[in-house]
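First comes the structure, then the notes that go with it.
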Amino acid sequence: MQNSCRRFFIFISTQAIKKIFKFVRKIETVSKILVIDDEEKIRTLLSKILSLEGYEVFQASDLKNAMRRLEFSDIDVAVCDVKLPDGSGVDFVKKVKEKYSSLEIILLTAYGNIPDGVQAIKNGAFDYITKGDDNNKIIPLVYKALEKVSLNKRISQLEKQLGNKHSFESIIGNSKKIKSAIDSARKVATTDATVLLTGETGTGKEVFANAIHNSSNRTKYNFIAVNCSAFSKELLENELFGHKAGAFTGAVKDSKGIFEEADKGTVFLDEIGEMPLDLQAKLLRVLESGEFLKVGDSKTTKINVRIIAATNRDLEKEIENGNFREDLFYRINIFTVHLPPLRERVNDIEDLTYSFLKNSSLKTGKKISGFSKEYAEALKRHPWKGNIRELRNVIERSTILTDGDELQADSLPLDFQYDQEINVKGKTLSAFELAGAEKIHIQKVLNYANGNKTKTAELLGIALTTLYRKIEEYQIK
């Protein structure tokens with residue numbers, strides 16, 4: 001034990017502190033650390049070092065006082081001795097993790113042994129290290145433990161956002177463009193103004209429509225969504241406006257349409273650019289007078305609805321081409337909110353991935369807690385033509401293919417696993433172009449053959465001279 005203390009004193013030498021600072025970064029909020037050790041000198045010295053790193057440090061000489069401190073302070077990380085007067089730190093880990101799941105615990109021992117170390121990790125310890133031999137690891141470990149705590153809090157925050165999936169708080173993203181869209185939608189939500197949501201397919205227009213409705217004074221009434229491209233003209237007219245008994249064969253009784261069902265609430269017209277011209281005239285009447293004619297009826301029906309429309313088309317061009325009414329465009333374009341494509345909010349991809357991974361893990365019954373750096377980088381390189389919807393599907397696919405606790409790049413579709421842009425003779429090619437695909441294939445076979453060009457040529461079924469020519473042409477390393 002005396003040797004352990006001596007080495008611990010050495011640990012706080014000026015040179016050691018300089019090394020430690022290289023591992024530690026500044027954090028926005030002051031993290032709280034609890035040091036648990038019955039040796040006062042070690043406890044005091046370690047607390048001093050942690051305080052110098054900017055952390056708020058608390059001390060406890062035994063497990064009883066440690067539990068009391070945990071009850072009254074929001075501790076992030078505990079650094080705990082294994083052998084204490086009133087119990088074992090290994091058992092303490094299990095007890096604490098059951099009550100404070102986000103807390104991370106680093107165990108210190110003067111006499112390390114493998115069984116204790118294995119059991120400590122099983123009980124939920126962040127790490128298990130030996131005093132003296134591993135002193136230089138303590139501060140870097142505290143930093144890494146705090147990173148995990150921060151990540152867990154971030155995930156917890158995302159889970160709370162998902163708790164009310166139809167609110168603005170459920171819309172995940174911190175990029176400038178998505179925040180601007182959310183701010184605009186919040187402002188118009190409290191009014192009765194007609195809203196036009198624009199953006200590519202899969203950018204979350206229905207999510208925004210739901211959030212606008214739930215933040216309005218109509219939230220107690222129905223929100224009904226209809227995709228205008230999913231029906232023929234006749235079916236869409238009946239879906240929107242309803243019909244009278246006898247209006248057509250099979251119409252044996254009166255039927256309410258979406259507008260009547262949503263009276264006092266909100267109707268979301270997705271893909272409004274696909275609506276036939278004659279139905280656009282009926283919609284214009286609803287917007288201007290709040291009334292319409294059911295199919296087969298001669299008496300108007302009066303309703304009070306708010307309309308939120310969405311499109312991925314350029315409606316001004318559709319007007320020029322004669323496919324959309326100009327008067328309807330100006331009527332629905334009172335307030336426009338544009339939703340950015342995912343490729344313009346790359347910094348939001350990781351947060352969205354955590355959210356989709358959480359849902360996919362629950363659906364598949366798997367315990368997958370995160371994803372590798374390579375996986376994240378591959379996602380960020382992808383052009384995301386299908387936007388958020390495509391990302392959600394990719395995460396679900398990866399979850400199904402993954403057996404471990406972390407998504408890896410090899411669970412992504414093949415086109416994700418290579419750079420999307422391939423340079424051949426100074427020209428940038430897509431991985432889907434023939435030359436690009438050939439370069440990728442040759443590189444894969446070369447890797448498989450450990451760089452043996454003769455074997456690579458045999459596997460490819462080409463002459464060795466042809467392989468050399470293609471290696472030079474494609475600049476393959």
Side-chain angles (χ1 to χ4, degrees), residues 144 147-148 150-152 154-155 158-159 162 171-178 199-204 207 339-364 366-424 427-451 474-477:
K144 289 179 182 178
E147 278 191 323
K148 186 176 180 182
S150 177
L151 178 60
N152 288 337
R154 190 175 170 194
I155 293 172
L158 292 176
E159 289 173 344
L162 289 170
I171 301 173
I172 298 169
N174 290 300
S175 63
K176 185 177 180 180
K177 290 189 176 182
I178 197 66
E200 297 176 9
T201 299
T203 50
V207 172
L339 307 188
L342 190 54
R343 62 182 172 274
E344 293 180 9
R345 41 182 300 214
V346 175
N347 292 337
D348 293 335
I349 287 177
E350 287 196 31
D351 282 347
L352 288 163
T353 300
Y354 276 116
S355 172
F356 295 146
L357 175 58
K358 177 73 174 178
N359 291 336
S360 295
S361 296
L362 288 172
K363 284 170 66 176
T364 57
K366 294 186 175 182
K367 294 181 179 179
I368 303 174
S369 58
F371 44 87
S372 69
K373 182 180 178 181
E374 292 75 19
Y375 188 93
E377 291 302 317
L379 294 183
K380 290 176 182 179
R381 287 196 305 266
H382 191 64
W384 297 114
K385 294 181 180 179
N387 293 294
I388 297 171
R389 188 178 297 140
E390 182 187 358
L391 175 62
R392 183 178 62 239
N393 293 342
V394 166
I395 303 307
E396 188 167 346
R397 176 188 187 276
S398 290
T399 305
I400 292 169
L401 294 174
T402 298
D403 294 322
D405 60 358
E406 187 178 75
L407 300 182
Q408 300 293 337
D410 59 5
S411 69
L412 289 165
L414 188 61
D415 55 302
F416 281 75
Q417 298 177 39
Y418 301 97
D419 290 335
Q420 297 300 304
E421 295 182 344
I422 301 162
N423 191 281
V424 177
K427 179 186 176 185
T428 297
L429 298 175
S430 163
F432 295 103
E433 292 185 51
L434 185 59
E438 186 176 48
K439 177 178 178 179
I440 289 172
H441 185 61
I442 292 172
Q443 181 72 71
K444 284 176 66 180
V445 178
L446 265 170
N447 292 343
Y448 176 78
N450 294 319
Y474 293 149
Q475 298 177 340
I476 297 173
K477 297 179 182 180

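For reference, positions follow the sequence shown, starting with 1. Side-chain atoms are counted along with the backbone in the values below, which use heavy atoms only and exclude waters and symmetry mates.
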Give, for atom [atom1] of [X] and atom [atom2] of [Y], the distance between the pair rounded to the nearest 0.5 Å.
X	Y	atom1	atom2	result
Ile388	Thr201	CD1	OG1	12.0 Å
Ile178	Asp351	CD1	CG	12.0 Å
Lys358	Leu362	NZ	CG	5.5 Å
Glu147	Asn152	CD	CG	12.0 Å
Ser369	Tyr354	OG	OH	8.0 Å
Ser372	Gln408	OG	CD	4.0 Å

Closest approach of [X] to [Y] (non-hydrogen atoms, all atoms of both residues):
X	Y	answer
Leu342	Leu352	CD1-CD1, 3.8 Å
Glu350	Ala376	OE2-CB, 4.1 Å
Lys366	Thr399	NZ-O, 2.9 Å
Ile172	Arg345	O-NH2, 2.7 Å
Pro413	Val394	CD-CG1, 4.4 Å

> For Glu374, what residues pass the side chain to side chain donor-acceptor pair (under 3.5 Å) criterion, not counting sequence neighbours?
Replying inline: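 Applying side chain to side chain donor-acceptor pair (under 3.5 Å) to Glu374 gives none.
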Where the side chain of [X] meets the backbone of [Y], is there a donor-acceptor pair that is under 3.5 Å apart?
X	Y	result
Trp384	Leu379	yes
Lys177	Glu344	no
Lys367	Asp405	no
Lys380	Ile349	no
Arg397	Ser411	yes

> Does a salt bridge link Lys385 with Glu200, judged by any charged N lying under 4.0 Å from a carboxylate O?
Replying inline: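 Not counted as a salt bridge, because no side-chain N and carboxylate O are separated by less than 4.0 Å.
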> Would you say Asn174 and Asn347 make side-chain contact, with heavy atoms under 4.5 Å?
Replying inline: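 No. Closest side-chain heavy atoms not under 4.5 Å.
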> With a 4.5 Å limit on heavy-atom distance, are the side chains of Phe371 and Ile395 in contact?
Replying inline: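 No. Closest side-chain heavy atoms not under 4.5 Å.
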> Is the count of non-hydrogen atoms from other residues, nucleotides or ligands lying under 6.0 Å from Lys144 atom NZ greater than 12?
Replying inline: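 For Lys144, atom NZ is not crowded (no more than 12 foreign heavy atoms under 6.0 Å).
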>> Side chains of Ser175 and Asp348 only: does a donor on one sit below 3.5 Å from an acceptor on the other?
In response: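 Per modelled atom types, Ser175 and Asp348 side chains form a pair under 3.5 Å.
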>> Quick one about Tyr375 and Ser398 (side-chain donor to acceptor, distance below 3.5 Å, no hydrogens or angles considered), yes or no?
In response: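 There is such a pair (donor and acceptor under 3.5 Å, judged by atom type) between the side chains of Ser398 and Tyr375.
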